[in-house]
Undergrad: 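Sharing a structure here in structure tokens format.
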Amino acid sequence: MLDKTYRPQEVEQRIYDAWEASGAFGADVTSNARPYCIMIPPPNVTGSLHMGHALTFTIQDILIRYHRMNGRDTLWQSGADHAGIATQMVVERQLAEQGVTRHDLGREKFVEKVWDWKAESGGTINKQLRRLGASLDWSRERFTMDDGLCEAVNKVFVDLYKQGLIYKDKRLVNWDPKLHTAISDLEVEQRESKGQMWHFRYPVEGQEGKYLVVATTRPETMLGDTAVAVHPDDERYRDLVGKKVKLPLVGRLIPIIADEYADPEKGTGAVKITPAHDFNDFEVGRRHDLKMINIFDRDAKLNENAPEAYRGMDRFEARKKIVSEMDSLGLFEKVEDNDMTLPYGDRSGVIVEPWLTDQWYVDAKTLAKPAIEAVETGKTVFVPKHWENTYFEWMRNILPWCISRQLWWGHQIPAWYGPDGAFFVDYTEDAARAAAEQHYGKSVELTRDPDVLDTWFSSQLWPFSTLGWPEQTEELKRYYPTDVLVTGFDIIFFWVARMMMAGLHFMGDVPFRTVYIHALVRDEQGQKMSKSKGNVIDPLDLIDRYGADSLRFTLAALAAQGRDIKLAESRVEGYRNFTTKLWNAARFTQMNGCKAETGFDPAACTLTVNKWIVGKVFEAAREATRAIEAYRFNEAANALYQFTWGTFCDWYLEFTKPIFDADDEAAIHETRAATAWALDQILKLLHPMMPYVTEELWAQLADSRASLLIVEPWPAFADSLLDPAAMAEMDFVVRLISDIRAVRAEMNVPPGAKVALF
RNA sequence: GGGCGCGUAGCUCAGUGGGAGAGCACCUCGUUGACAUCGAGGGGGUCGCAAGUUCAAUCCUUGCCGCGCCCACCA
């Protein structure tokens, strides 16, 4: 006999272990079944399960379990991302506690430390994913820095280089002065900020007492000014073009140039040009062949190109000093408040600095073309569709992708430098050496480029690198392109777009047929969850208290398309009650001797009430199927919830009571079988969303039957199962009883008292 | 500046060209038998505002207001 309540804490672990041990999660590359593949968005190796993970992996697991039950050979590829910056920061922080920096250790030792850290702490999220019930193929777990994946990264880099799609360039990058690395545009976060705009007088050369007034939000960069620009049509300054101003504090003479970049409406109409420290100024500098004077070091402190008094000074201190110096020279005109957005590094939280460095770039514009076309022609479809606009918008305006990072943890760039700085990019050091020898006519000392690649450079290969590429494996042939990618909108640019580009370029086909973009999970008030706000709901805590199934079902029920999920704990509680309800319904059937009967034919039921529940099962199954196929998980969840509670428990089980209490053996027999059958269908239908409780009930309701997960097909029925006459009759009875109850309530008829209706 | 999404019951959210819904919360009644993590019943909403299309609009169109997000720019 079943216990009175379901206690998930006591069964989940055991069930998961049994599933995993059975090998049922594994893909079978030799199978004749149609494949179905989802690539897990590899969580950061530093990660631990947060609510966003819980949502995305629940959805993926629902899809995987659903298709597995439908007989597909499912591959849900597991693995983790090495997460360059994030991981390096974690390990550096640990070292800092011991008063050690990575430079004290040296590169090799440091990287060793990171691997040690990974071995010890890197598996956290995988344990947590198991608790959620995720049926990933753990046997194929990959890491973005596995040997095979490293080889793929290496090949992609060298191939693209040889195709002219990767190149080295000296230009401005977003420099993170805290982490001492370049970052890509996407890793820069624009934040609103109240700034100020200062107006300074630059004395015009040879015209005593005449000034050109420039406005700037960044006074400290004036030390690197190499021109002042005015608009060619600006009457106010026309006579000054071609003349020079004397840069205060520095003494350098810099030209006044005409360039359309200067906007007469903004500031004073005259803009100082600092080509080495501003993206727009850089372009102006290129057009006018201006000198580029770099005045910052890697910490964004003033360097030797600044006047002596400023050297070594932090950029913001320098700003104050410059303003006060200009003031005392009588060259400060005014300052006004100015709202602006400032660029912050998304990892470091400090303001990034445009800085002139040598970096490696991908020609994303070229790679984007087929990726745009693939979505335009529907080879890959976004669900919901409107995310395609976001994708197009970014892809059509894509800029070169800076892929080199000045870090130690990651894929080191396969480029080697000769003594004179000439470089050789090749698949192996030997090949590079050979190329160098040919170039120099002798063997020379080579040094490898110390930089590593942006983490996303390797994750963009995930859909095929995990399948063994560049080897032409059976897996690659079988599972690529994958069926669906499930992810949040926040990484459409970082990851989805880049997988599209890489997949099309190297595999000649899209990496996935469908991209399902789900919502963000927010707190009850709609705030983004964050540690600093203290509003984080920990999915593991919810699993502890309510069970994994309750959390999963809640997330599925709230996962409507096109809206963020505001998670209220009361919802989880409500769905926990649902699992209890289901459990007790099963207990009821057990108490009444209902057992699954082999060979039971639902179409052969004779009692109207049984025909009715068979028809209702049919309708629920049809609706759940339709909803899951359409990625409408909330509709599937609600349909099954309403059917299980509102139809099966509230009505059908009540109707069976008088049958079981009477002594019509034939009726009792049929009803027992029908009840057991209907409940079995419910367990199967709920299994993708609530795998644990359904598996436990499946095992307890009949002796020695095999795991629900392993053998049971998803319920699909012929239309003939629906008996319209029985459905109409019973629906009428249900409505009639409801009405009678309402009337009795309205008339205040005491329970048990009889009332005549006319 | 460009784009996207959202405003439905006290709260969290579904939904549809023709009856306005669910869960939670609230009120009334009910515990010997599947389930109080429950059952039966109930109160509560001019579906953001305005105009238009339509026999009919919460739903379609336009405008406005409010909220959120993304991208770009920012001397």
Undergrad: Which comes earlier along RNA chain B counting from the 5' end, the contact point of A:Asp650 or that of A:Thr579, where each point is its nearest nucleotide?
TA: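 On the 5' side of the pair lies A:Thr579.
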Undergrad: Separation of A:Trp651 atom CH2 from B:rA34 atom P, in whole Å?
TA: 17 Å
Undergrad: Suppose we screen for side-chain contact (heavy atoms from CB on, under 4.5 Å). Which residues come up paired with A:Ala227, at least two apart in sequence or across chains?
TA: A:Pro255, A:Ile257, A:Ile273, A:Leu290
Undergrad: Report yes if at least one side-chain N or O of A:Lys657 is closer than 4.0 Å to OP1 or OP2 of B:rA34; otherwise report no.
TA: yes
Undergrad: Assign A:Ala262 to base, sugar-phosphate, or nothing according to its heavy-atom contacts below 4.0 angstrom with the strands shown.
TA: base
Undergrad: Go along nucleotides 20-25 of chain B 5' to 3' and tag each nucleotide: B for a protein heavy atom under 4.0 Å from its base, S when only backbone or sugar atoms are that close, - otherwise.
TA: --SSS-
Undergrad: Taking side chain to side chain donor-acceptor pair (under 3.5 Å) as the test, write out the residues that go with A:Trp583, two or more places apart.
TA: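 Side chain to side chain donor-acceptor pair (under 3.5 Å) list for A:Trp583, sorted by chain: empty.
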Undergrad: Given a 3.5 Å cut-off on both pairing distances, which stems involving RNA chain B, each at least three consecutive Watson-Crick or G-U pairs, are present, if any?
TA: B:1-7 with B:65-71, B:10-13 with B:21-24, B:26-30 with B:38-42, B:48-52 with B:60-64
Undergrad: Protein-nucleotides 71-74 of chain B N/O pairs closer than 3.5 Å?
TA:
residue: B:rC73; atom: N4; partner: A:Thr341; partner atom: OG1; Å: 2.9
residue: B:rC74; atom: OP1; partner: A:Asn280; partner atom: ND2; Å: 2.2
residue: B:rC74; atom: OP2; partner: A:Asn280; partner atom: ND2; Å: 3.1
residue: B:rC74; atom: N3; partner: A:Thr341; partner atom: N; Å: 3.4
residue: B:rC74; atom: N3; partner: A:Thr341; partner atom: OG1; Å: 2.5
residue: B:rC74; atom: N4; partner: A:Gln190; partner atom: OE1; Å: 3.4
residue: B:rC74; atom: N4; partner: A:Thr341; partner atom: O; Å: 3.3
residue: B:rC74; atom: N4; partner: A:Thr341; partner atom: OG1; Å: 2.3

Undergrad: Could I get the full list of side chain to side chain donor-acceptor pair (under 3.5 Å) partners for A:Ser184, not counting sequence neighbours?
TA: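 With sequence neighbours excluded, A:Ser184 shows a side chain to side chain donor-acceptor pair (under 3.5 Å) to A:Glu187, given in chain and number order.
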Undergrad: Would you call the rings of A:Tyr575 and A:Phe578 parallel, tilted or perpendicular if under 30° counts as parallel and over 60° as perpendicular?
TA: perpendicular
Undergrad: In this structure, how many angstroms lie between the P atom of B:rC35 and the CG atom of A:Leu697, rounded?
TA: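 In whole Å, B:rC35 P lies 15 Å from A:Leu697 CG.
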Undergrad: Determine the contact category for A:Lys272: base if any of its heavy atoms lies under 4.0 Å from a base atom, sugar-phosphate if only primed atoms, P, OP1 or OP2 are that close, otherwise nothing.
TA: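 Since no nucleic acid heavy atom lies under 4.0 Å of A:Lys272, the category is nothing.
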Undergrad: From B:rC35, B:rA34, B:rA14, pick the nucleotide closest to the side chain of A:Phe588?
TA: B:rA34
Undergrad: Expressed as a whole number of angstroms, how long is the span from A:Ile492:CD1 to B:rG5:C1'?
TA: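 So the two atoms are 13 Å apart, to the nearest Å.
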Undergrad: Please state how far atom NZ in A:Lys385 lies from atom P in B:rG5, giving the value in whole angstrom units.
TA: 14 Å
Undergrad: Tell me the interatomic distance from A:Leu558, atom CG, to B:rC11, atom P, rounded to whole angstroms.
TA: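 Atom-to-atom, A:Leu558 to B:rC11, this comes out as 17 Å.
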Undergrad: Select one nucleotide: of B:rA14, B:rA34, B:rU37, the one nearest the side-chain heavy atoms of A:Leu653.
TA: B:rA34
